[in-house]
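Position 1 is the first residue of the sequence; numbering continues from there.
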Amino acid sequence: MAPTIKPPQTLLMNIRKYGDAVLRRKAKPVDKIDADLQRTVQLMFQTMYAEPGIGLAGPQVGISQKIIVMDVPEKGRRQPLVLINPKMEEKRGRIKSEEGCLSFPGISVTIPRAEWVRFTALNEKGMPIQVAADGLLSRCLQHEFDHLNGALMIDHLPVHVRLKVLWDIRKRKKAGVF
Ligand code: NI
């Protein structure tokens, strides 16, 4: 009998969907940047790229810690970005745009966010970093930062629109597509 060679398996994390309590919990600061954290960050990137998505926060994979991985490509090139214990230092302007979330499959909402933001954080090696951005990167930073505070994109909707979206989610859950 020929030996069976198994292809290497890619480990992916389970993405928590809206309704999971961990998404409403306030994430704790990371207190140790070590090999375990780096492994978590790597798994989060793999999970995000597999979806595909452009941002993923710890609570979305059941880890209630202040960890964000993002990749908003620029000119078709990958721009992986890790933010540990991020802080929003500044924000300016206000702009409405459409966004989605891996914890809300099939749902997109149009909500206002700051136009420009500046964040400080640590990277996966524990080095201080600073990110200032507008456009999609700015929106993604604010969206993921919200996740660390237990806030979700639907919280930014006016009540009547939010109810419509929640109704839509209920329908999608029943149909097994959420
Ligand atoms: Ni999200």
Side-chain angles (χ1 to χ4, degrees), residues 6-30 37 39-73 78-84 86 88 91 94-115 117 119 133 135-178:
K6 283 188 184 163
Q9 270 201 327
T10 312
L11 265 171
L12 295 179
M13 292 162 139
N14 185 25
I15 294 184
R16 307 302 181 90
K17 307 284 163 61
Y18 175 71
D20 192 313
V22 72
L23 292 175
R24 285 304 190 185
R25 222 169 282 150
K26 210 173 144 68
K28 296 226 157 56
V30 171
L37 177 86
R39 171 103 187 110
T40 299
V41 163
Q42 212 161 41
L43 275 173
M44 284 176 68
F45 268 119
Q46 283 170 17
T47 305
M48 181 187 82
Y49 286 134
E51 281 296 322
I54 58 170
L56 189 65
Q60 289 185 279
V61 287
I63 299 172
S64 197
Q65 291 185 45
K66 295 189 175 189
I67 307 170
I68 291 171
V69 301
M70 286 180 29
D71 194 332
V72 177
R78 277 188 176 183
Q79 304 285 335
L81 182 62
V82 179
L83 294 105
I84 308 292
M88 192 195 281
K91 60 177 175 179
R94 202 167 163 82
I95 189 167
K96 254 190 178 180
S97 192
E98 200 181 7
E99 62 188 68
C101 178
L102 294 178
S103 297
F104 289 81
I107 303 286
S108 65
V109 297
T110 300
I111 54 170
R113 298 239 185 226
E115 191 167 6
V117 286
F119 278 87
L136 183 58
L137 182 56
S138 164
R139 183 158 287 266
C140 191
L141 281 162
Q142 294 172 73
H143 177 114
E144 302 311 330
F145 187 66
D146 262 5
H147 276 302
L148 303 183
N149 292 312
L152 299 168
M153 62 182 191
I154 56 167
D155 304 347
H156 297 274
L157 289 169
V159 180
H160 65 283
V161 186
R162 195 184 316 151
L163 288 174
K164 248 182 76 190
V165 170
L166 291 175
W167 185 250
D168 194 21
I169 290 171
R170 208 145 88 181
K171 272 195 309 191
R172 296 184 72 88
K173 275 188 176 167
K174 262 192 192 156
V177 291
F178 187 93

Sequence neighbours excluded and cut-off under 3.5 Å, please list the side-chain donor-acceptor pairs for residues 61-73, or say none.
| unit_1 | atom_1 | unit_2 | atom_2 | d |
| --- | --- | --- | --- | --- |
| Asp71 | OD1 | Gln79 | N | 2.6 |
| Asp71 | OD2 | Tyr49 | OH | 2.4 |
| Asp71 | OD2 | Gln79 | N | 3.3 |

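Shown here for Ala114 and Ile95, the closest heavy-atom pair between the two residues is O-CG2, 4.2 Å. The shortest non-hydrogen separation linking Gly55 to Met48 is N-SD, 3.3 Å. Nearest heavy-atom pair, Pro52 versus Leu102, reported as atom, atom and distance to 0.1 Å: O-CD2, 4.1 Å.
You'll find the side chain of Leu11 stays beyond 4.5 Å of the side chain of Gln42, heavy atoms only. Using a 4.5 Å heavy-atom threshold, the side chains of Phe178 and Ile107 count as touching. With contacts defined as side-chain heavy-atom distances shorter than 4.5 Å, the pair Asp146/Met153 does not qualify. In this structure the side chain of Met13 reaches within 4.5 angstrom of the side chain of Thr40, judged on heavy atoms. For the pair Met44 and Val82, the minimum side-chain heavy-atom distance is 4.5 Å or more. Inter-residue side-chain proximity for Glu144 and Leu83 is flagged as unmet; no heavy-atom pair is nearer than 4.5 Å. Annotation: side chain of His143 is in contact with side chain of Cys101 (closest heavy-atom distance under 4.5 Å). You'll find the side chain of Tyr18 reaches within 4.5 Å of the side chain of Ile154, heavy atoms only.
Atoms NZ and CD, on Lys96 and Glu99 in that order, are 12.5 Å from each other to the nearest 0.5 Å. With values rounded to the nearest 0.5 angstrom, Leu56 atom CG is found 7.5 Å from Ser103 atom OG. Between the CG atom of Leu141 and the CG atom of Leu136 there is a distance of 9.5 Å, given to the nearest 0.5 Å. Rounding to the nearest 0.5 angstrom, the gap separating the CZ atom in Arg113 from the CZ atom in Phe145 is 11.5 Å. Atom CD1 of Ile54 and atom CG of Leu81 lie 11.5 Å apart (nearest 0.5 Å). In this structure, NE2 in His147 is found 14.5 Å from NZ in Lys26, a value given to the nearest 0.5 Å.
Looking at Glu51, its side chain never comes within 3.5 Å of a backbone N or O of Thr47 through a donor-acceptor pair. With hydrogens and angles disregarded, a donor-acceptor distance shorter than 3.5 Å links the side chain of Asp155 to the backbone of Leu152. Looking only at distances, a side-chain donor or acceptor of Asp20 sits under 3.5 Å from a matching main-chain atom of Val22.
Scored by the side-chain hydrogen bond (donor to acceptor under 3.5 Å, both in side chains) test, Arg25 finds no partners at all (sequence neighbours excluded).
No more than 12 heavy-atom neighbours from other residues, nucleotides or ligands sit within 6.0 angstrom of CZ on Arg39.
For residues 158-178, there are no salt bridge (Lys or Arg N to Asp or Glu O under 4.0 Å) pairs, not counting sequence neighbours.
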